[in-house]
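Atoms within a ligand are numbered from 1 in the order they appear, just like the ligands themselves.
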Amino acid sequence: MNQMIKILVIEDEKNILNFISSVLTSQKYQVISAVTGRDGLSQAASQCPDLILLDLGLPDMDGMVIIRRIRDWSSTPIIVISARIQEEDKVQALDQGADDYITKPFGNSELLARIRTALRHSNRLQTEAALANRPYHSHGLTIDFEKHLVTRDGQEIHLTQNEFKIVALLAKNSGKVLLYDRLIEHIWGPYSENDNTILRVNMANIRRKIEPDPAEPVYIFTEIGVGYRMAEED
Ligand code: CA
């Protein structure tokens, strides 16, 4: 059951990393790891882990900075693992957005219990958010966020995962302009190339699929040099 759950471990001490990896693997969690803050941030963005275990004392970056950077764009649960025991470090880590804190040395049952709690909490938040996730409707276009389903005049339209993410973010903010940078960061993470080409390519594909006439869009409008705006709901 844990097989689908991916955990990113950011830890530079090999023996601790190996210990955590073997504990998690034995419980059928999928484990990815990084031994530097830089690599950790890049994997957090590219791999979309369900949970992050983060050592605060990394060779290249302060763990607090990593928490802040991840929280700029993601609500993935973060559990800090650290030898630091001062209360102020704990408060600061939680204040920056970490979900929990576990002090070295710790045993496997404590580690697993913390992970289960953090995952349960994040699932509950998603479920509550989903209740407010009613579908978007505009001129025959329907976007069902829960089912990841897009239809136009009742016909299902197949979008790739990233295309769906772009459309969903625009639809949830319908009527508002979303900046190119904001969209790029949301879809590809903050460390993606700050280049609009890939977004433009995705948008061309989206328009080809959802617009009756891609040259005269009625659902997603371009605000030149700024971003995109989705038509308001009916
Ligand atoms: Ca360390």
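- When each of T103, I102, I115 is checked for a side-chain contact (heavy atoms from CB on, under 4.5 Å) with E110, only I102 meets the rule.
- Taking the centre of each ring, F145 and Y136 stay at or above the 6.0 Å mark.
- Using modelled atom types, no side-chain atom of Y228 and backbone atom of L183 make a donor-acceptor pair closer than 3.5 Å.
- Here the side chain of Q96 pairs no donor or acceptor atom with the backbone of G63 at under 3.5 angstrom.
- Counting backbone and side-chain atoms alike, G57 contributes an N/O/S atom closer than 3.0 Å to the Ca ion (ligand 1).
- Here D55 reaches the Ca ion (ligand 1): one of its N/O/S atoms is less than 3.0 Å from the metal.
- Of all N, O or S atoms in D12, the one lying closest to the Ca ion (ligand 1) is OD1.
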